[in-house]
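Below is one structure; the comments refer to it alone.
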Amino acid sequence: MGERGNSDELARISSHPLTKPTAILAVFLVHPAVSPELYIERLRTLISAAVGIAQSVNFDEDSDIALDSLPEWFRTTADVASSEGARNYVDTGLGDIWDPEEWIYTFDPDLRAWTWWDVTVRADGVAVWVDTLGEAHIPHEELLWALYVSGAERVDPLCMEDAAVWVEET
């Protein structure tokens with residue numbers, strides 16, 4: 001994914017993409033515990049900061065990576081949405097609470113198996129679209145942590161959708 005970790009991804013995080021996606025995208029249906037608008041704002045802010053950090057550091061050489069651009073609610077899980085989301089993540093058996101310093105290393109563009117595509121609102125939740133180059137089984141624990149700690153009550157498993165479904169939703 002390293003070759004795709006560029007400013008195009010940052011642009012897609014802040015607004016709907018104008019370019020055509022690959023034929024198949026991966027999607028998570030998120031059931032937020034907060035309003036869809038607030039959830040989307042929180043998630044976009046978090047992913048944008050993480051991708052921005054990842055594009056500005058050398059993970060092999062930089063031993064002390066500044067996390068100041070990550071939202072405070074994420075670094076401390078101090079607000080209700082992030083603390084409940086963290087608890088939901090743990091309660092579903094996905095793992096333990098992530099340390100922000102460890103989490104940011106999973107955004108190394110040379111290691112990350114997905115890139116952000118978009119987010120849309122559905123009647124039953126928020127659809128978070130990522131590009132996996134058509135791969136249905138990728139490591140994505142760091143993304144699940146972000147989805148939950150941004151305020152998810154629950155997240156349905158990753159599934160693959162024809163890009164036409166994303167087009168219809170935008």
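Heavy atoms only: backbone and side chains are in, while hydrogens, waters and symmetry mates are out.
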Assess whether a salt bridge exists between D131 and R12, defined as any Lys/Arg side-chain N lying under 4.0 Å from an Asp/Glu carboxylate O.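 So D131 does not pair with R12 through a salt bridge.
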
Indicate yes or no: does E153 engage R87 in a salt bridge with an N to O separation below 4.0 Å.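 Salt bridge flag = no for R87 with E153.
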
What do you reckon, is CG of D96 surrounded by more than 12 foreign heavy atoms closer than 6.0 Å?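 Result for CG/D96: open.
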
Answer yes or no: does atom CG of D64 have more than 12 heavy-atom neighbours from other residues, nucleotides or ligands under 6.0 Å?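 Not more than 12 within 6.0 Å, no.
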
Please assess E141 against W103 for the test side-chain hydrogen bond (donor to acceptor under 3.5 Å, both in side chains), listing each intermediate value before the final yes or no. CA-CA 10 Å; E141 295 81 11; W103 181 80; over 6 Å; no

In terms of side-chain heavy atoms, does T120 have a donor or acceptor partner in W129 at a distance below 3.5 Å?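 Their side chains do contain a donor-acceptor pair, which is all the 3.5 Å distance test asks for.
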
What pair of heavy atoms forms the shortest contact from L43 to A146, and how long is it?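 That would be CD1-O, 3.9 Å.
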
Heavy-atom pair of closest approach, residues H31 and D124: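 Nearest heavy atoms, H31 then D124: ND1-O, 3.0 Å.
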
May I have the list of side-chain donor-acceptor pairs in residues 66-73 shorter than 3.5 Å, sequence neighbours left out?
{"residue": "E72", "atom": "OE1", "partner": "R75", "partner atom": "NH2", "Å": "2.3"}

Show your working on salt bridge (charged side-chain N to carboxylate O under 4.0 Å, His left out) between E9 and R112 and close with a plain yes or no. CA-CA 13 Å; E9 183 177 22; R112 191 162 42 109; 2.9 Å; yes

Are W114 and F28 an aromatic pair, judged by ring center distance below 6.0 Å?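 Between W114 and F28, which both carry aromatic rings, the centre distance is not below 6.0 Å.
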
Stepwise salt bridge (charged side-chain N to carboxylate O under 4.0 Å, His left out) test for D91 and R154: CA-CA 10 Å; D91 288 349; R154 81 173 195 278; over 6 Å; no

